[in-house]
Protein chains: 2
Amino acid sequence: MAVNLKQLAELLGLSQTTVSRALNGYPEVNAHTRRRVLEAVRATGYRPNRAAQRLATGKARSIGLVMPIASGIDSDIHFGEFLAGLAEEAVKHDFHFVINPSAPDDEEATFRRLAASGNVDAVFLAYMRANDPRISILKSLSIPFVVHGRSIGGPRDYPFVDIDNTRAFYDATKLLLQLGHQRIALINGPDYLAFSIRRRKGLMRALDEWGLRLDDSLVQYSEMTDEHGYRSMQRFLQQPDAPTAVLCSSTVLALGAVRAINQAGLVIGRDISLIAHDDVLPMLKPENFSVPLTTTRSSLRAAGARIAARLIGGILEQGDYPEQELWPAELIVRASTGATPGR
Amino acid sequence: MAVNLKQLAELLGLSQTTVSRALNGYPEVNAHTRRRVLEAVRATGYRPNRAAQRLATGKARSIGLVMPIASGIDSDIHFGEFLAGLAEEAVKHDFHFVINPSAPDDEEATFRRLAASGNVDAVFLAYMRANDPRISILKSLSIPFVVHGRSIGGPRDYPFVDIDNTRAFYDATKLLLQLGHQRIALINGPDYLAFSIRRRKGLMRALDEWGLRLDDSLVQYSEMTDEHGYRSMQRFLQQPDAPTAVLCSSTVLALGAVRAINQAGLVIGRDISLIAHDDVLPMLKPENFSVPLTTTRSSLRAAGARIAARLIGGILEQGDYPEQELWPAELIVRASTGATPGR
DNA sequence: ACAGATATCCAAAGCGCTTTGGGAGGTTTC
DNA sequence: GAAACCTCCCAAAGCGCTTTGGATATCTGT
C-alpha cells in the first residue's frame, strides 16, 4: 500500500503543493495543516519517490567514491573503517554511494566519467599523495568534493578534513624525548602517502628541537598490515644500535611490532617504548594489548561520518561547515612508554 | 553542452519515441535510422538522464548491500575483495550500490527499510550462517536477491552463488591422507559461518572414509586474520600429539600459520604440510610464500562480479543464469605438501 | 471603512524519459 | 484489385515530485 503524493493530498483534501511544502519545511504552511500532513504520512507510511525527487530537483542524492583496486588499499582495514563512518552518516539522509573501482592510472578518466554521468552530486577523495593531481582534476570538473587528508604542495584552497599528523607525531616524539629516549624509530605507512610524510616530519621536528638528527635507517615505510609491522620491527631490533623507542603509524602495525618485540625477549615499556597512532578500529583496541599502548588517537570512522555530513550538507545547501578542518589527535599515555632503559 | 532526448530528436528530425527506441534496441526502427541516431549520440555526447529513466521505468538501477558494522567483518580484507568484484561489474552497467550499515541485531529492520524505500531493485546477501533467518525475511519482502554462500538448514530454494566448500576441503584432506598424514588440523573461519561448517565437514568426511576420526582439539575457529592464524598454529604445535598437516580456511590465516611454523624451527612441506584455501587476494599470492602453498583456489572477486551480473541481469530482465551455482574450487599442489615425516 | 500587507493555499507547468495507441505508406495474399 | 499485413515512425500520456505564479481570505494602520 504504497501511497504517492497525489493520493496523500487527495486523502487530506489538500493540494500536492501544500503537502509537498509541508513536508519540505517551507514556511507558507499553517502549523495546524503541517501537523495533519505529518500525521497522515505516519498513518499511510508515505515515502517520497526518490527518482521523482531527483528528476524534479536535479539532485541525485548520491556521492561518488573512487575505489582504488590495484594495490592493497581497497582491502585495507582502515579503508573499511572509514567507509563505515561515511555510510553510517549517509544512510541517515538517505544518500547513496556510487562506488567506482579504478586502476590508479585510470583515475582521471574515472573522475571525468563520474562527473559527467550526473549520477553523483559530489565526490569524496582519500589517500592523498604529495602533489596529488586529483585535486586539480576535480576542481576543473567543477563538482563539489571533500578530501580526507591533505596533499603536500599543489593548490591549497580545497575543502578537507584531516588530522594534524605532524603535530601528533611531534607530541609523541616529545614525550619519548622527555623520557630520555634518543634513538627513536618510525614504522610508517607507504612513503608516497601524505600522512606518512607528515608523521615523519613531526618526528624530525621534535628531534631537531632536541638537538638530535633523524637517522633514516630508523624509518620504515610499508602498507599498514600486521605482517609489515612485524618485519619492520625485526629489522630495527637487528640493527647494531637498535632504537629504544618506536613510533607506529597504526595499531595494526603495532600488532606486528609487539610480536617481534616479545619474540626478541624484550619487555615493552621497560626495554623498549612504543607509541602507535590509533584510528579507533573497533577490533583492535590499544588498551587490550598485553601491555596497553600509548597512542595518538583520532577516530577514522568519525572522520568518515564528518566528511559525509559535509558533502551532504553542501549538496542540500544546509548546515554550515568550515572549509578546512584540521583535527588534533589526542595523546593518550598508557603503559607502553617508559624511561630509557639503563638510565 | 549536455543534450537531452528532446533536443537530440529535434536535431535529427525524429520523434523522441523513435530515438528512445533506437537507443534501447527495439526492433521497430530502421537500421539506417538507428545508425544515424547512434552517430548523433556520439557527436553530441548525449547521456540519458538516469533519474528520468528511473521514474519512467520504475527501475532504480541500484542494488542494496547491508554491511555489518559491529564485528570485524566490514573491515575484513575478504569483504573488500568481494566488493571490488561486485563494484567492477556494477559500474559496467551503470548500477549503484546503496550501502546500509547495520548492527547484526538490527538486520531485519534494515532490510525492511531497504525494500520499502524503493531505491533498490535487488539485494545482496553474504556471510551466511547456519539457519540464516535473513533468507526468509528477504523472501517475504519479495525483493529479488542473490546470496553469496549458502545457509545450512532452512529453505533451500533461493538463488545463490557458492563454492563447493565441502568438496574442496574433502579433496584437500584426501591429498594429505594419500601422503600418509593421519593427524590433520584445521584453522577455520568463525564457527557460526556456513562455509566454516562445510569445510569442517569436508575434512571429517574424508577422514571417515579413511577410517579415521576427527579430533576436535585439532580444529580452531576464528576471524580470518594473520594474527589468529599464528595463534591457532602455535596452539597446535604445543599439543602433545601435534598434527603433521594443517588446513587453513584462508591464505591470510596461512600467513600467520607459516610464521608460527618457522618460529618453531619446522620446515613446511617436510616437517609439516599446509594447504590453504586461496581466495585469490591480489596482495597475497600463495606462490609467493617462502614455501609455495598448496591451495584450493576460487576467486572471491569473480564471485562478486558474478553475483552483480546476476542481480543486474535479473533486474534488466536479460541474460539467463542458473538459479543456484556451486563452483568447484581448484586444488593446486605446490611445495607446502609432502609425505608424512618419518615414514 | 479602504488600500496595502500578510498568511495560506492551489492549479498547472515542468523535470527527461518510456510506452501506448495509432497511422501512413508499401507489400502480400487470394 | 481489395483485404490483410508489415514496416517504420509519431503524438501524447504518463512516472511522482518541485516550483512558479497567482488566488483568496484575513489582517493592518489610518
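The sequence lines fix the lettering, A, B, ..., with proteins before strands; numbering per chain opens at 1.
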A.B. asks: Do any side-chain nitrogens or oxygens of B:Asn49 fall under 4.0 Å of OP1 or OP2 in C:dC17?
C.D. replies: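 Checking C:dC17 against B:Asn49, no side-chain N or O comes under 4.0 Å of OP1 or OP2.
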A.B. asks: List, with names and distances, any nitrogen or oxygen atoms from the protein found under 3.5 Å away from nitrogen or oxygen atoms belonging to nucleotides 18-25 of chain C.
C.D. replies:
| residue | atom | partner | partner atom | Å |
| --- | --- | --- | --- | --- |
| C:dT18 | OP1 | B:Asn24 | ND2 | 3.1 |
| C:dT18 | OP1 | B:Gln53 | NE2 | 3.1 |
| C:dT18 | OP2 | B:Ser20 | OG | 2.6 |
| C:dT19 | OP2 | B:Tyr26 | OH | 2.8 |
| C:dT19 | O4 | B:Thr17 | OG1 | 3.1 |

A.B. asks: With a 4.0 Å cut-off on N to O distance, would you call B:Asp121 and B:Lys59 a salt bridge?
C.D. replies: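 No.
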A.B. asks: Which residues pass the side chain to side chain contact (heavy atoms under 4.5 Å, CB included) test with B:Leu316, not counting sequence neighbours?
C.D. replies: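 Scan of B:Leu316 (side chain to side chain contact (heavy atoms under 4.5 Å, CB included), adjacent residues dropped) gives B:Arg61, B:Phe95, B:Ile312, B:Gln318.
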A.B. asks: Per the salt bridge (Lys or Arg N to Asp or Glu O under 4.0 Å) rule, what does the pair list look like for residues 94-103 of chain A, sequence neighbours excluded?
C.D. replies: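 Every salt bridge (Lys or Arg N to Asp or Glu O under 4.0 Å) pair that includes a residue of residues 94-103 of chain A, provided the two are not neighbours, is A:Arg50-A:Asp94.
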A.B. asks: Is the gap between the ring centers of B:Phe82 and B:His148 under 6.0 Å?
C.D. replies: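 That pair passes the under 6.0 Å test.
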A.B. asks: Closest approach to the side chain of B:Ser15, judged atom by atom: which nucleotide of D:dC9, D:dC10, C:dT8 is it?
C.D. replies: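 Selected nucleotide (nearest to the side chain): D:dC10.
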A.B. asks: Please state how far atom CD in B:Gln7 lies from atom P in C:dC15, giving the value in whole angstrom units.
C.D. replies: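 Nearest whole value for this atom pair: 10 Å.
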A.B. asks: Applying salt bridge (Lys or Arg N to Asp or Glu O under 4.0 Å), can you list everything that pairs with A:Arg134, at least two apart in sequence or on another chain?
C.D. replies: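 For A:Arg134, the residues satisfying salt bridge (Lys or Arg N to Asp or Glu O under 4.0 Å) (neighbours in sequence not counted) are A:Glu107, A:Asp132.
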A.B. asks: Give the rounded distance in Å between these two atoms: CG of A:Leu8 and P of C:dC10.
C.D. replies: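 After rounding, the gap between these two atoms is 13 Å.
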A.B. asks: Report the distance from atom CD of B:Glu28 to atom P of D:dC5, rounded to the nearest whole Å.
C.D. replies: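 My rounded result for the distance is 19 Å.
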A.B. asks: Grab the CD-C1' distance between B:Glu10 and C:dG16 for me, whole Å please.
C.D. replies: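 Interatomic distance, CD of B:Glu10 to C1' of C:dG16: 13 Å.
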A.B. asks: Verify whether one side chain among B:Thr17 and B:Ser20 offers a donor that lies under 3.5 Å from an acceptor in the other.
C.D. replies: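 Not at all, the side chains of B:Thr17 and B:Ser20 share no donor-acceptor pair under 3.5 Å.
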A.B. asks: Give the rounded distance in Å between these two atoms: CG of B:Asn4 and C1' of C:dC17.
C.D. replies: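 The answer, rounded to whole Å, is 10 Å.
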A.B. asks: Estimate the overall bend of the helix from C:dA1-D:dT30 to C:dC30-D:dG1 from the end axes over five pairs each, rounded to 10 degrees.
C.D. replies: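 So the angle between the two local helix axes works out to 30°.
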A.B. asks: Take B:Pro27 and B:Leu55, find for each the nucleotide of DNA chain D with the closest heavy atom, and name the residue whose nucleotide sits nearer the 5' end.
C.D. replies: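 Counting from the 5' end, the first nearest nucleotide belongs to B:Pro27.
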A.B. asks: Going by the rule side chain to side chain donor-acceptor pair (under 3.5 Å), which residues pair with B:Arg42 if we only count those two or more places apart in sequence or in a different chain?
C.D. replies: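 Applying side chain to side chain donor-acceptor pair (under 3.5 Å) to B:Arg42 gives B:Glu39.
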A.B. asks: Salt bridge between A:Glu10 and A:Lys6, side-chain N to carboxylate O under 4.0 Å?
C.D. replies: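 Not counted as a salt bridge, because no side-chain N and carboxylate O are separated by less than 4.0 Å.
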A.B. asks: Between A:Arg61 (CZ) and D:dC17 (P), how many Å, whole number?
C.D. replies: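 Distance check: A:Arg61 CZ to D:dC17 P gives 13 Å.
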A.B. asks: Rounded to whole angstroms, how far apart are NZ on B:Lys6 and C1' on D:dA12?
C.D. replies: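 About 13 Å, once rounded to whole Å.
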A.B. asks: Verify, without hydrogens or angle tests, whether A:Gln324 (side chain) and A:Tyr158 (backbone) share a donor-acceptor contact under 3.5 angstrom.
C.D. replies: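 Yes, because the side chain of A:Gln324 sits within donor-acceptor range (under 3.5 Å) of the backbone of A:Tyr158.
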A.B. asks: Figure out the NZ/P separation between B:Lys59 and D:dC15, and round it to whole Å.
C.D. replies: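 Result: 16 Å.
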